[in-house]
Amino acid sequence: MTEQFKISLPDGSVREVEPGATPADIAAAIGPGLAKAALAARVDGELRDLNRPFEGDADLALVTSRDVDDALELVRHDYAHVLAEAVQNLFPGTQITFGPSTDDGFYYDFAPPADHGPFTEEDLPKIEEEMRRIIARDTPLEREVWTRQQLIQWFRDNGETFKAEWAAELPEGEELTVYRAGDWLDMCRGPHLASTGKLKPDAFKLTRVSGAYWRGDQKNAMLSRIYGTGWLDKKQLKEHLHRLEEAAKRDHRKLGREMDLFHLQEEAHGSVFWHPKGYRIWRELEAYMRRKMDGAGYREIKTPQVMDARQWEQSGHWGKYRENMFVIPDEVPNTADDGALVSDEVDWMALKPMNCPAHVLVFKQGITSYRDLPIRLGEMGCCHRNEPHGALHGLMRVRQFTQDDAHIFCTEEQIVEEVRAFCELADTVYKDFGFTYSIKLALRPEQRFGSDEDWDKAEEELRNAVREAGMATDEFGWEELPGEGAFYAPKLEWHLTDAIGRTWQVGTIQSDRVLPERLDAAYVGEDGEKHRPVMLHRAIFGSYERFIGILIEHFAGRLPAWLAPVQAVVATIVSDADDYAAEVAAKLAAAGIRVETDTRNEKINYKVREHSLAKVPYLLVVGKREAEEGTVAVRKLGSDERQRVTGVDEFLAELKGEAAAPDHRG
RNA sequence: GCCGGCUUAGCUCAGCUGGUAGAGCAACCGCCUUGUAAGCGGUAGGCCGUUGGUUCGAAUCCGACAGCCGGCACCA
C-alpha cells in the first residue's frame, strides 16, 4: 500500500494521487479542455513542468495562457530553445550558450562555427522556417537531472566549450538539469512547456542580430546574438509589431528633423546643432527651471569650461575618467606652420566632464560658517565627455550636454531635510510635464570608496529622506537597486514613465563625502573648529539635450503649447484676408504668443496638412468671413473637437492660459 | 571600444549580374483666390560618405577610414 500525496487546488478541493503522478495527470483528470490549455504548473508557488512528478503533498495551480506573465515567460523561454535547436540544425558546429526571455521576447547567444562568422539578418528567415518545422514536429521536452561531471563530459564531447565552462562553475548543491527535445538538449533550469508543439508557429518573429560578450564581459569572446519577439498568439504578435511602428514614429531623431528642431553632423558628432525652433524649447525649459531653482533657494553660478589637469588630478577624475575627457595642451600658439606644436613638457588642460569640482572651488572662496549652510549652488553647466562612439544616440547620449546641475553643501544633520525637499521639488517638476515616475535607491557597488559604516549611513540617510517625503511607497515605485550606486556614494534615481510606457532615468541626488575631502572644503562649526560639509549632487532634467529628446518622444512631437516653438499659425484662405491675418497675428504677438502667418498662395487643405504635420498646437484659419466678422476659425492640433469660430480676444484669453508655463498658471 | 548592417538630390527611397544616375515630396517659376490633412503645369537640383585598389571603364567589385542604425560593453 503506497502512500498517497494530497494535492490542493486553488478552488480549495484536494485530490489524492499516487507518487509519480504529475500536474498533467491532474489537469487531465479535471478535463480534456484544461489538459490541453495547461502550459505549466505552480507547485507550492514554484513554476514547474507539467510532467514533473509531485514529491509530496502540494498546493497546485495550473498555468494557462490566462496567467499572462507566467505564460509569456514560459513561451518565450521555449522559443529561445527552439531557436537554439534550429540554429544548430542549420549551422552544425555552432555552440550554444544562453537564451533567456526578455520584456518582449527572447534571444539566444551563439558561438558560430569558426569558418562561418556571426549570423546576419539574411539568416533569419531560414532560421524561422526551421523553428516552425521544430514546432510542427511537436517533440516532447523532457527534464533530466544530470551530475556536473556528466554535463561537463557531454558538452566537451560535443565541442560545447562555453556550456562546459558554465557547467563547471555552477554553484554547488544546485540540482543540474538538462531539457531534451528528441536528440537535441540544452542545460537549463527550466521549466518548459510539455512539448515544442505548444508553441504557436505564427506568434514569434526573429527581429535582429547583434554581438554580445560572453557573460557580459568586454574581455570575453564576442558571441552572435539573435533576438526574437514571442507571444501567446498571432494577434498579440501583430499588436506588438504595430506598437513598434508607432514608437518609431515618435523617434526624436526623425521628429527633430521634420520639425526643424536640431541637427547632428559628422564634424561634431555627438554634439547638437540647435535650430531656432529647437532652441526655443530649450529656452522655455531653462527659464522654467531657473524659476524653480530660484524659488527653492538655489543660487546660480557659472564656472569655467576648461581647467588645468592638476585640478582634475586632485578631484580624482583624472585617474578614473581621463579616457573619457577631452584633453587639450595649454600651449600658445599650439600650432605652427609645419604642423602641430606641442612640446614634451606641455601642461594639460581638460574640458569639464562635470561641474562639481568647480562648485567646490566656489564654495571654498572665503570662510563659510555653519550658519551659512546649506549653500545650494546651481549651474546650467555645459559638460563634455568623450563617450564610447558606439554609445552615442541622437539627443539621448551625446558628447556635449548641459545639466540643470546643482550642489548642496550642508551639514550631516541637514542631509535628510535637503534630500526630502529635493524629492518634493522634483515631484512638482515631473508633474508639470505630465510624467509619472518611480524613485529608486541605487546601493553600494562592489568597487567603491569608503568604509561600510559610511555606506550604511549614507544609504540610510537617503532612504529616510524619501520616507519623510512620504514617497518610499509602491505608489512612487519605490525600490532599492543593489550594486547600482556610484563608486563614491549611493544615489536616488528618478525614472520617468513616458506615454508609451518606456522608462527614462533622469533625476538624481547623491550624497558625497569624498569630494569635499579631496578638495579640502570646510566650514567653521559652532565649536569654532573646521568641519567637512557633505555635498549633495543633484539634477532634475538631467541634461537638457536628453530631456528634450524624451519630451519629443513622450508627446510624439505634439508639445504642450507652452513649449511649442510656434504656438499658433494664422493661415489665410484667400489673399483678401492677408491684412486681417497680419492684424490677428500682431495682436497675438503683442500678448507674447509665438505666432506665424501663412499667406502663401495655397489651398487651405494644404496649409492645414502642413501645419498639422509641423505639430503647431493652434491653427487659426481666416477667410473673407472671419475678416469681416473679426473672428478666427480655431483648429486645435490633435483634438476631436470640430473647428470652431470665435472672436480673437476670446481665443487669446484661452491660449494665454495654455501658453503660460505651468508654474505661471493661475 | 566590440559584432553586424547601412551611407545615392533638402527629405524618403529606386538603380539586377560593372558601361560616369532616377522617382515622389520639398525648393524655385507660372496658372489657379482657394473653407479645414497633399490643386495643376514647368524648371532647377547629385564629387553616388571619404580614400586606396581591381578594371579599357566603378554608385555597382575588393580594402582602409569616418559617420549613422541595431545590439553588446560603458554611462562620474
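Numbers restart at 1 for each chain; the letters A, B, ... are given by sequence-line order, proteins then strands. Values in this document were obtained by computation on a predicted structure and should not be read as measured data.
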Does [X] make a cation-pi contact with [Y], if we ask for NZ or CZ under 6.0 Å from the ring centre and within 45° of the axis?
X	Y	result
A:R310	A:W348	no
A:R538	A:F422	no
A:K205	A:Y227	no
A:K320	A:F487	yes
A:R225	A:Y107	yes

NA contact type, [X], heavy-atom cut-off 4.0 Å: base, sugar-phosphate, or nothing?
X	answer
A:D576	nothing
A:G117	nothing
A:I573	base
A:Y227	sugar-phosphate
A:K352	nothing
A:E626	base
A:Y488	sugar-phosphate
A:R257	sugar-phosphate
A:R208	sugar-phosphate
A:R253	sugar-phosphate
A:K624	base
A:E387	nothing
A:L264	nothing
A:A571	nothing

Is any NZ, NE, NH1 or NH2 atom of the basic residue among A:R513 and A:E461 found under 4.0 Å from an Asp or Glu carboxylate oxygen of the other?
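Answer for the salt bridge query: yes.
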Quick one: stems involving RNA chain B, counted as three or more successive Watson-Crick or G-U pairs, both distances short of 3.5 Å.
B:1-7 with B:66-72, B:10-13 with B:22-25, B:27-31 with B:39-43, B:49-53 with B:61-65
When rounded to the nearest Å, what value does the distance between [atom1] atoms of [N] and [M] take?
N	M	atom1	result
B:rG46	B:rU8	C1'	8 Å
B:rU33	B:rC47	P	40 Å
B:rG4	B:rU20	P	34 Å
B:rG67	B:rU51	C1'	15 Å
B:rU54	B:rU7	C1'	22 Å
B:rA38	B:rC11	C1'	16 Å

For the base of B:rA37, is there a side-chain donor-acceptor partner from A:R635 under 3.5 Å away?
yes
Ignoring hydrogens and angles, answer whether the base of B:rC75 and the side-chain atoms of A:R397 contain a donor-acceptor pair closer than 3.5 Å.
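Side chain to base: pair found, below 3.5 Å.
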Check the distance between [N]'s [atom2] and [X]'s [atom1] and give it to me in whole angstrom.
X	N	atom1	atom2	result
A:R399	B:rA66	CZ	P	12 Å
A:E323	B:rC75	CD	C1'	13 Å
A:Q265	B:rU50	CD	P	15 Å

Answer yes or no as to whether B:rA37 has its base stacked against A:Y606, where stacking requires a ring-centre separation under 5.5 angstrom and planes under 30 degrees apart.
no
Is the closest side-chain heavy-atom distance between A:V566 and A:V595 below 4.5 Å?
no
Side-chain heavy-atom pair A:E626, A:V621 within 4.5 angstrom cut-off
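No, every pair of side-chain atoms sits at 4.5 Å or beyond.
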Is the phosphate of B:rG70, meaning OP1 or OP2, less than 4.0 Å from a side-chain N or O of A:H393?
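The answer is yes; a side-chain N or O of A:H393 sits under 4.0 Å from OP1 or OP2.
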Under 4.0 Å: is that the gap between some side-chain N or O of A:N605 and OP1 or OP2 of B:rA37?
yes
So if I take every side-chain heavy atom of [X] and compare against [options], which nucleotide ends up nearest?
X	options	value
A:M354	B:rA27, B:rA76, B:rC3	B:rA76
A:P118	B:rC3, B:rA37, B:rC74	B:rC3
A:H317	B:rC68, B:rA76, B:rA66	B:rA76
A:Y213	B:rC2, B:rC74, B:rG35	B:rC2

